[in-house]
Each structure stands twice: as structure tokens, then as C-alpha cells.
Amino acid sequence: MKSAGTRYGTHRVIEPAGALPQAAWKVDNNLPIDPSEMLIDVEMLNIDAASFTQMKEAAGGSAEGVANLILDTVEKRGKQHNPVTGSGGMLVGRVREIGSAYDGPIQAKVGDSIATLVSLSLTPLKITRIKKVFMDRDQVEIEGHAILFSSGIGAKLPVDFPRDAALAALDVAGAPAQVYRLVRPGMNVGIIGTGKSGLLCAAAARKMLGNTGKLFGVVHIQSIADEVAKYGYFDEMVLADATSPVAVFEKMNALTGGSLLDVTINTTNVRGTEMSTVLSTRDGGIAYFFNMATSFTAATLGAEGAGKDVSLLMGNGYAPGHAEATLDLIRSDDKLMKLFGARYSS
Ligand SMILES: NC(=O)c1ccc[n+]([C@@H]2O[C@H](COP(=O)([O-])OP(=O)(O)OC[C@H]3O[C@@H](n4cnc5c(N)ncnc54)[C@H](OP(=O)(O)O)[C@@H]3O)[C@@H](O)[C@H]2O)c1
């Protein structure tokens, strides 16, 4: 019988003993698989945006440099778990083998294309070759294998999406799913950062608000503000740098007549944006941190220091039904369908 530890992958943890695979420094990525596991031939990694941004900076913008950082991390840790940001990403590939005792939630057979919905930061991964680094979309084409535990969620790839578009959408599926839970008609809602997850959150928030409330988008570059405004989700685009908390607060304060935001959603991919999120939120409101470069201490101690009675919500990447809800959101919106199709076709 499978132990609880095997279900969560503790049998693959090399160090420190007793840790779960996400918290582990190093996991065993070698074959053969345990009977409780599923083996995947990996085709594409979708690196988490905070991690990719950090590696791009560290490599001075060089694709070869990013590839070397990924190879080094996977060699040292047995998984693509960025040691600086602590974040991972997701992958797509084909099922090569299903262990005789695998009883996980993924209904797939050998040969099926699937996307994992658990982080690369806990997924045993071996890379034999990096074929291409897509610098403009955080994706990396590789040859190699990954191992999924029985507890790991995943999804068969939808037939109506290009593979890499589905991968990109599923990577951030937790964010719009959470927006459906948090946003109610009549609210003032702010989205800081309007990239991939920010636009999905905006589309989800607009659906929840209908013609009520107000939706604000915080963007740090005018040309992006102009581009994003065309989607028609936002009532106001706010030009401000999320790493400048007082500037963001002053704009939000003025635009809301001092009432501030009921819900503020941080989808940026950089550090130092905690307090623009907290200060923009009214007392009793919710600051939702989807950004993986968020510091727990900066948010909590910063909120305390500013005397802000704001609920701080961490961006759990999982919510029941999040994958289908996000794909449905894109399907329901021609503009999103076009954006994802165009940006992520290989
Ligand atoms: N919680 C989870 O489970 C989970 C899962 C996946 C991803 N994530 C995280 O979610 C975040 C967003 O991911 P994504 O894929 O949506 O990233 P993305 O497409 O790269 O979007 C990030 C956006 O933030 C903007 N931004 C950067 N610095 C800014 C600043 N100072 N002020 C205002 N905007 C700024 C970027 O603009 P420019 O590109 O113009 O700089 C970009 O539009 C990342 O931190 C990622 O790691 C979390």
C-alpha cells in the first residue's frame, strides 16, 4: 500500500530529509519510476514569469545564458526550482509510462499530451537538451523527462488551443479563478501589472463587475497602457511604477475619491511591489498577491508599519476547476483568444 509520503513524493527527496519535494533543496530525478508515478517526455517548459525575469537579468538578456542557468539549476536540484526566486513554472509533454500503482487525478493514457498543473519547483526533471529559449514568452523547448506523483494534478491539453497557448494560460489559471471568488458587483478593483495573468484577471473581474464598480489597471509604461486600454476591461489605466508605493497610493486615492480599492490584485513579475498593493487597498479590503516575487515579510511587516488593516492573500496556484474556468474565459473572449493564439504559436 502507498504511504502518504509516497503520494506526495517524499521518496524522491534527497535533502533535507523529511521535507516535501517543493521545500526540498534537491530531489532524485532518475529512472525508473516508482509504481505510484507517471513519466512524461517533456516538450516545453513554461517558466514562471518572476523566475524568467530574474534569469533574463542575471544572464544579461542572453538566451544562451538563460539556458545555462536552467541546466545548472536542474543539474544541482533535480528540478527547475529557481534558487533566487524560489518559483518554478509548468510543463507540457507526452505520457511515456504510467506506474502500476498510479492513482492520481490525471485521466490520461500513454501517448497523450498533458500539461502539469503543479509547479516545476517540486517536479523531478531531467533535461538532456535545450532546443530553444523563447525570450519573449518565458517558454523553453527541451528534451528530457519529468516525473509526476500520484498527488500531482494535470490536464489533458485542449484541442481548440495551440499547445503553447494552453500551457501559458494554465500556468496562471489560479489567478482568474481567485478573482471570481473575490470580486463582487459594485466594488473598486485594482490590477497592478497587466501581463498574461493581469489581463486574465481583468477579463474575469469585468465579468463579475458587469457595468458596476470600477476597474483600475496599473501599468508602468505608457505604450502598454494604450495597448491594454484597447481590450476594454478597465475603466481607468493608471500610469505608475508598482515599485513606488506612495506614487501608486496617491493616484488610487485621487481616482477613488479617498475610498481606495476593495480588492487589489498584484500580477507584476518584480520585487518591491508589496506596499503599492497594500497602500492602495482600503482598510477591511483584500490585497491579493499572485506575484511570485512577493516577500511575505515585506507585505506583512509593511502593512503593520503603515497601520493598514488589510487582509493579505497569497496566490495559491490551485482552485478547484481553475484550468477549465481559465480556458473557458479565453474561449468566451475573441480578444484573449487572439492574443494567446498569436503570442504563443511556435
Ligand atoms: N501564484 C501562482 O501560482 C503563480 C503561478 C504562475 C505565475 N505566478 C506569478 O504571477 C506573476 C505574473 O505572471 P505573468 O505570467 O502574468 O507575468 P507577465 O505576463 O510577465 O506580466 C507581468 C506584468 O507586470 C508588469 N510590470 C513589471 N514591473 C512593473 C512595475 N514596476 N510596475 C507595473 N507593472 C510592472 C510587466 O510589464 P513589463 O513586461 O512591461 O515590464 C508585465 O506586464 C509573476 O510574478 C509570476 O511569477 C504566480
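Atoms within each ligand, like the ligands themselves, are counted from 1 in listed order. The figures that follow rest on heavy atoms only: side chains count, while hydrogens, waters and symmetry mates do not.
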Region of I221 engaging ligand 1 - heavy atom pairs below 4.0 Å = side chain

request  = Answer yes or no: does atom CD of E75 have more than 12 heavy-atom neighbours from other residues, nucleotides or ligands under 6.0 Å?
outcome  = no

request  = Using a strict cut-off of 4.0 Å, indicate which atoms of ligand 1 neighbour a heavy atom of V172.
outcome  = 6 (C), 7 (C), 15 (O)

key: Ligand-side contact atoms (ligand 1) for residue partner G315, heavy atom cut-off under 4.0 Å   = 1 (N), 2 (C), 3 (O)

message = Would K196 count as a polar contact of ligand 1, with the cut-off being nitrogen or oxygen pairs under 3.5 Å?
response = yes

message = For the 3.5 Å polar cut-off, considering only N or O atoms, please tell me whether V218 and ligand 1 meet it.
response = no

inquiry  = Using a 4.0 Å cut-off to any heavy atom of G317, which atoms of ligand 1 qualify?
reply    = 3 (O)

I224: numbered ligand 1 atoms lying under 4.0 Å from its heavy atoms = 40 (O)

ask   = Between T268 and ligand 1, which part of the residue brings a heavy atom under 4.0 Å of the ligand: side chain, backbone, both or neither?
value = both

ask   = Do D241 and ligand 1 have an N or O pair less than 3.5 Å apart?
value = yes

inquiry  = To check your reading of the model: name the closest protein heavy atom to atom 10 (O) of ligand 1, its residue, and the distance in Å.
reply    = F290 CD2, 3.2 Å

message = To check your reading of the model: name the closest protein heavy atom to atom 6 (C) of ligand 1, its residue, and the distance in Å.
response = D171 O, 3.3 Å

note = Ranked by distance from atom 26 (N) of ligand 1, the top protein heavy atom is H220 NE2, 3.8 Å

ask   = Got an N/O contact under 3.5 Å between A242 and ligand 1?
value = yes

